[in-house]
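Along the sequence shown, residues carry numbers from 1. Predicted model, so just to flag it, every value in this text is computed and none were measured. Quick note: numbers below take in every heavy atom, side chains included, and nothing from hydrogens, waters or symmetry partners.
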Amino acid sequence: MTPFIGRGEPLARLLAAHRACRRGTHPRRAELALVTGEAGIGKTALLSRFTAEVGQVLWGTCWDDERAPAWWPWTQALSSLPTSDDPRLAAVRGGPAPPASDSPAAVFAAVSALLDAEARSGPPVVVLDDLQWADPSSISLLRFLARQARGGPLLLIGAYRPDELPPAAATELADLATAAEPIALTGLSPSDVADLVRAVSGPAAAARWAPVVHERSAGHPFFARELCRLLESGGAPDDVPAAVREAIGRRLARLTADCARLLDAAAVAGPELRPDVLADMLDEPPAAIGAATAHAAAAGVLTGSPAKFAHDLYRETVYARIEVGRRAELHERAGWALLRRKERGGPVFAAELARHFAVAVGRCEAGPAVTWAIAAAAEDGSRYAFAEAAGHLRRARTAVDGAGCRLSVGERVGLLTGEAEMRLRAGETDAARELLAEAWTRAGGDGDLLGRVALGLDAIGARFAMPRTELIAALETARAALDGRGTPAEAQVTAALARQLQHSVPGDRPRAGPYAERAVLIARRLGDPATLAGCLLARHDTLWTPGTGGERAGIAAEIAHAARQAGDEERHAQALLLSANAHLENGSAAFRAAFAEYAYVTERLRQPRHDYFLRIRRAALALLDGDLDGGERLVEEAAALGEAVGDSDTGNVRMSQRLEVVRARGNPDELRRTADEAVRWWIGAPAHAHAVAAGFRARAGDLAGARREADIVLALPDWRADRSYLWSVFAGELAVSAIALNDRPLCELLLADLLPLAGCCAVNGALVCFMGAHDHRIGLLQAALGDVAAARRSLSAAYAVHTRLGARLWARESSRALPPDAALRRRGDLWELHYQGHDAVLRDAKGLHDLAVLLGRPGAGVPAVELAAAGRPVVHDRIAEEPVLDRAAVTAYRKRLGESVDDQEKRQLVAELRRATRPGGGVRPLGPDNAERARKAVTARIRDAIKRIEVVLPAFGRHLDRTVHTGHLCRYEPDRFGQC
């Protein structure tokens, strides 16, 4: 046996990491060391020596060529631990597939708990060798254990060839390396090589060959050993790779024919020799296999028990030397031998069978390759290894095409759609779309095949509020081919068509309802819970309009029940989300419990697309809670994740959530930019786009722009017909513009539309963004129309809803918008005054008429000429429209400016003062026209009336003195009324 040479320093670092782990230097995380270097550089030798020093380790080695199933190195590493009855460990233990309710997250937690339990008797040491061949799931588990806060000590050691890492693994391991002890093995020094030559060939050889061996091998231990043997046999080491190949070839040439046959079969069958499989492959008795194995071990080609190749380079060289035809024959033999082993009850993975039969295609029918590729994909898919599952299907298809074999149309479409499903689950949306496009062209007129492809396209989806012409056409074609069969496929395709029509542009939506009802009818006849869950989802979506939250909550509960019966956790998660959304629309705090359950189920799915969906809702919840900064960060994180997984609706979701961020911040420039962006973005829903733009321009103070955008909405023929789940946002923003523009007819129309929704809330999409209680905007419209008492009731109700839901910013806005308990009511020649529970009576006066008008329209600017006309028609001149204030009003504005702590209010006050005063601070003068005369007259009589009120109700008089501003435009502004 070759002694351990030249790796003292790397060994010392590994031992130091082990000691640190025992001491608990970092009790909250695992110790991690990553050993890197090219093939043959000594990684495995170093880890073997380390194992000899520290005692028992949990060792797993990865296979190449995707022959092993997902989690394979962990299956080996954990095999020596006591058997656990935790079902979550089934996937990584290599046993039966786990229950559908489990996920990678559950597997990760179970492995972590198992290692924590093992840590009670000392820190467990996990060694994973040849990570360049690891499946993505195994790398993810290593990453999780290295990053997770731990309950006990743990030492993780990984070894790999950095130049052979797949891109995804290279990214993950590079990220891990920042927190790891990096141990990069390079060539041995000249003195170490001399020691190696001395150990292999003796002192005399070291004196003669050490320099040339070091020069030719560059200190590479494996090359150096083989060069020594080559030189011993008279070879000339002119080229290191050639020399090594020649050295291995010479060693193999010295073996017996039986031993060479054994090694050929072993190189094909896999890194670890299984005597029963090899005996079956070679049609030899077990004794002959044992003798050949012993001979190869004596020659140094095989080692260990159970036997395996002494180094991967031996196996790779043996495999490369096998003639192509003979190689395919051996793979076929290996496949059938493994099947017979499986029949005997021996452990065999579908991935092994898939690989062997794929290579053997051409010698046998394509059937076994396809059958076992599908089985391997299902097995790895059930272990949540979606990329690996897709790889099995692609390899089978590629092998069949390469061998010139024929597949039936059904087999090929099945491989394409199956791979597309796994690619989509793995977050590779573009790849899934390309596969489905090919499958569609091959499906011909077969209804079942067309239905399968169409459902795959439906799963990818499309952007909301944009024409879905191609997707709808595909679903209609498939539905027509399935029409009248009453099969699950017909029901599912019909339901998918209904949903896509509903989520398309307004012109497509009227056709959705009948399809949804037909789909549910078929599904109920079938008694299939999986099909029923999908069809009920279509019914839910076709009912999805404001005010239907109660009915939809019932449907969501039925979907959840059917999904649980079917074991469909993805549909179950979707139903929980819809339930949370319906509760939120109904103003029920129960939405948080439903959301918590949705988050729990979704996290367990461990799929990139579902991770994105959950991130969207976490952003929405942060915004609802009033955390604008945190919500905005989550919005951008969700958008980045959505782009990464290729979700078609990512931009629409981000835009919808940005509306709430920008609205709440109230920055005029940002409001105007967002208004423009809305018009550019929602091309397929112009009424919605221009309504949003009108509201945002009104908030920014751009009344001309708001008027222009509102007029565009009113000019569209279908602006009142669209009642999608975006309608609440549409109506809310149009109401903002109508109030700011003092457009009474539009206010009345919108109030009539919104009143039936009192008690409900506006929610954009499926909990994409909370947009406030409908009572809030109802109250604002009522106030703008002069019904202050009704406004107070509505805004109080909105405040109660917002408080109950925890919508902190919305509750503050509803509170600020509440008009004070103040009223002026005329009774013949007398006026009844009411303020904060106190009452008084005054004789009639013109100023009281003016104050009654202003109190009936809080926050709105009323021209002085209109007040002066006392209800008679008024011809407004240019000056009457100028927002000029008298000195009393200017003083009041400046006083309020000093008292205000709200940045947005300060900006509004400053803007008003700038319009009304000269640069030096004086009031801007106006000419002696009718507007100026009206201003003076109205100001005088309002101030006189306030003084009279102050005599009988002092608190009311002081309130009016502070909140009534006179000028060419007069306003009653009780705090920040009108904010929405």
Side-chain angles (χ1 to χ4, degrees), residues 86-88 98-110 113 384 425 459 499 529-530 532-541 543-544 548-625 627 630-631 634 637-638 641-642 647 653 657 725 760-761 763-770 801 804-807:
D86 188 338
R88 299 176 301 171
S101 60
D102 283 334
S103 71
V107 175
F108 292 178
Y384 318 104
R425 290 172 181 267
R499 292 188 70 234
L532 179 60
C535 296
L536 286 171
L537 177 64
R539 172 183 280 177
H540 170 281
D541 286 7
L543 292 174
W544 200 345
T548 61
E551 184 178 2
R552 288 187 287 111
I555 295 174
E558 191 176 359
I559 295 171
H561 177 71
R564 283 194 297 268
Q565 284 186 312
D568 187 344
E569 283 303 292
E570 290 184 66
R571 189 71 78 198
H572 182 208
Q574 192 174 25
L576 292 170
L577 175 61
L578 296 175
S579 178
N581 189 74
H583 285 312
L584 184 56
E585 285 187 38
N586 291 337
S588 170
F591 88 92
R592 290 191 185 268
F595 176 83
E597 189 177 359
Y598 160 72
Y600 175 76
V601 172
T602 302
E603 284 173 341
R604 290 163 63 87
L605 292 173
R606 197 72 178 182
Q607 293 184 34
R609 279 169 60 85
H610 287 281
D611 291 343
Y612 162 61
F613 297 153
L614 180 56
R615 190 75 59 89
I616 292 170
R617 276 74 199 190
R618 292 201 189 283
L621 198 60
L623 294 176
L624 184 151
D625 290 338
D627 181 6
L634 288 170
E637 288 179 3
L641 185 55
D647 189 87
V653 169
Q657 293 186 324
Y725 55 61
C760 300
C761 294
V763 183
N764 190 337
L767 226 169
V768 169
C769 195
F770 177 74
V801 169
R804 182 168 65 245
L805 297 177

Could you walk me through whether L624 and L584 pass the side chain to side chain contact (heavy atoms under 4.5 Å, CB included) check? CA-CA 11 Å; L624 184 151; L584 184 56; 3.9 Å; yes
If you apply the rule salt bridge (Lys or Arg N to Asp or Glu O under 4.0 Å), what do you find for R539 with E558, and how did you get there? CA-CA 11 Å; R539 172 183 280 177; E558 191 176 359; 5.6 Å; no
Kindly indicate, with the supporting measurements, whether the criterion side chain to side chain contact (heavy atoms under 4.5 Å, CB included) is fulfilled by H561 and L532. CA-CA 10 Å; H561 177 71; L532 179 60; over 6 Å; no
Test H540 against R499 for side chain to side chain contact (heavy atoms under 4.5 Å, CB included), laying out the working first. CA-CA 9 Å; H540 170 281; R499 292 188 70 234; over 6 Å; no
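C761 and F770 make their closest contact through CB-CE1, 3.7 Å (heavy atoms, listed as atom of the first residue, atom of the second, distance). In terms of heavy atoms, G631 sits closest to L623 at CA-CD2, 3.8 Å. Heavy-atom minimum distance, A575 versus A556: CB-O, 3.6 Å. Summarising the geometry of A580 relative to L767, their closest heavy-atom pair is CB-CD1, 4.0 Å, with the distance given to 0.1 Å. The two residues A594 and S579 make their nearest non-hydrogen contact at CB-OG, 4.2 Å. Nearest approach of G765 to N581, heavy atoms of both residues: O-OD1, 3.0 Å.
Salt bridge E637/R618: absent, no basic N to carboxylate O contact under 4.0 Å. Look at R425 and E570 and you find a salt bridge, because one of the NZ, NE, NH1 or NH2 atoms lies within 4.0 Å of a carboxylate O, short of that distance.
Between the SG atom of C760 and the CG atom of N586 there is a distance of 6.0 Å, given to the nearest 0.5 Å. To the nearest 0.5 Å, atoms NE2 (H572) and CD (E597) are separated by 5.0 Å. Between the CZ atom of F613 and the OG1 atom of T602 there is a distance of 9.5 Å, given to the nearest 0.5 Å. D611 contributes atom CG, which lies 6.5 Å from atom CG of L641 (distance to the nearest 0.5 angstrom). Distance check: L614 CG to R609 CZ gives 14.5 Å after rounding to the nearest 0.5 Å. The distance from atom CG of L621 to atom CZ of F591, rounded to the nearest 0.5 Å, is 5.5 Å.
Between F595 and Y598, the angle of the ring planes lies from 30° to 60°, which puts this pair in the tilted group.
Under a 3.5 Å cut-off, the side chain of R617 and the backbone N or O of A766 do form a donor-acceptor pair. Although no hydrogens or angles enter the test, the distance criterion places no donor-acceptor pair under 3.5 Å between the side chain of R552 and the main chain of L578. A side-chain donor-acceptor contact under 3.5 Å links Q657 to the backbone of I616.
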